[in-house]
Amino acid sequence: MEILIISGLSGAGKSKAASFLEDVGFYIVDNMPAAMILKFAEFCAGGNGRYDRVALVYDVRTANSSTELFDVLDTLKAMDGVCRMLFLEATAETVIKRYKETRRRHPLRDSSDSLEAAVRREREVMEPVKKRADFVIDTSYLSTAQLRAELLSLFGGESAQGGMPVNVTSFGFKYGLPLEADLVFDVRFMPNPFYIEDLRHQTGLDKPVSDYVFSFPQTLDFLKRLESLLSLCLPLYAEEGKTSLSIAVGCTGGHHRSVAVAHALTDFVRAQGYPVLENHRDMNRES
């Protein structure tokens, strides 16, 4: 079992970090008091693998005694499995700016004369926790994508190595656009197998239809240019922090041209090293 304690300053990005870690398989629990961590760890250990990766968010709201947290950490590190702590920090100027932009209230504001005093006091309270952390990330000048990339490099494991998941879907424009699509490509300019009697009742996954669609130079030219575009864009989407990408290819009814092109595109994306899911939304609809 792997337990990660996420701690740090308010406004430094703990919630974002937790969301990113959830994407790579961590079970997240927010605002976990130190006194409850051991009990929760015992519960997770008996979960039959359901809670193999757990991230617990611990912050100043529950930091009654850092000594209590350190005792828990020592106990967890002596147990089977892995226990580590991540601490997120940011400059006082950055934290104050973020609170002003979001209009949220700092957890220590009620007991401090000003927001600046609250930020300064929290830094003092959390300093011993920072010193015990296995990883410290300063988010002051990190974009959301950069923070995600940093976390994936540290904790992503197999999920990070697998790359950004890509969904390739064929569809028929007559049934509407797929709502989840990030990129939509229209292949209705290609010659339509629907008008060939022997091909009408087949689909783009059948070789005669695929051979027909790709027998035209415009289809081959389009696919070549599309592959070149995706070779450029896919790494940039992944670098920018996109957790998945949905590509939709549409023709009139979603039976022939879009299916053949989407199938070929799936093979290309897979060859680029991305995990890819192929789906043909309208292929089995009645014409």
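Please read all numbers here as calculations on a predicted model, not as lab measurements.
- Heavy-atom neighbours of L179 CG from other residues, nucleotides or ligands within 6.0 Å: at or below the threshold of 12.
- In this structure Y27 satisfies the ring-ring contact (aromatic ring centres under 6.0 Å, His included) test together with Y51, sequence neighbours excluded.
- Evaluation of the salt bridge (Lys or Arg N to Asp or Glu O under 4.0 Å) rule for K242 yields D182 as partners, not counting sequence neighbours.
- Seen from the ring of Y175, R285 counts as a face-on cation partner, given the 6.0 Å and 45° thresholds.
- E278 meets the salt bridge (Lys or Arg N to Asp or Glu O under 4.0 Å) test with no other residue; sequence neighbours excluded.
- In this structure, R132 is positioned above the aromatic face of F70, its NZ or CZ under 6.0 Å from the six-membered ring centre and within 45° of the axis.
- Around atom CE of M36, no more than 12 heavy atoms belonging to other residues, nucleotides or ligands sit under 6.0 Å away.
- For residues 263-273, the set of pairs meeting the salt bridge (charged side-chain N to carboxylate O under 4.0 Å, His left out) definition, not counting sequence neighbours, comprises D267-R270.
- Within a 6.0 Å radius of CZ in R188, other residues, nucleotides and ligands contribute more than 12 heavy atoms.
- Listed by chain and number, the residues in a side chain to side chain donor-acceptor pair (under 3.5 Å) with R109 amount to none (sequence neighbours excluded).
- R98 and S10 share no donor-acceptor pair across their side chains, judged by distance under 3.5 Å alone.
- Classified by interplanar angle (parallel below 30°, tilted 30° to 60°, perpendicular above 60°), the ring pair F40/F43 is tilted.
- In the hydrophobic clustering of ILVMFWY residues, with side-chain heavy atoms under 4.5 Å counting as a link, L223 and L205 come out apart.
- Within the structure, salt bridge (charged side-chain N to carboxylate O under 4.0 Å, His left out) pairs that include any residue of residues 243-261 do not occur (at least two apart or interchain).
- Judged by the 6.0 Å distance and 45° axis criteria, R200 is positioned over the aromatic ring of F194.
- For A118, the side-chain contact (heavy atoms from CB on, under 4.5 Å) criterion is met by H106, L108, S112, not counting sequence neighbours.
- Residues passing the side chain to side chain donor-acceptor pair (under 3.5 Å) test with Q202, sequence neighbours excluded: none.
- Among residues at least two apart or in separate chains, side-chain hydrogen bond (donor to acceptor under 3.5 Å, both in side chains) pairs with a member in residues 224-234 are D221-R225.
- Residue pairs that meet the salt bridge (charged side-chain N to carboxylate O under 4.0 Å, His left out) test with at least one member in residues 138-154, sequence neighbours left out, do not exist here.
- The ring-ring contact (aromatic ring centres under 6.0 Å, His included) test applied to F20 returns no partner, not counting sequence neighbours.
- In this structure, S114 has no side chain to side chain donor-acceptor pair (under 3.5 Å) partners at least two apart in sequence or on a different chain.
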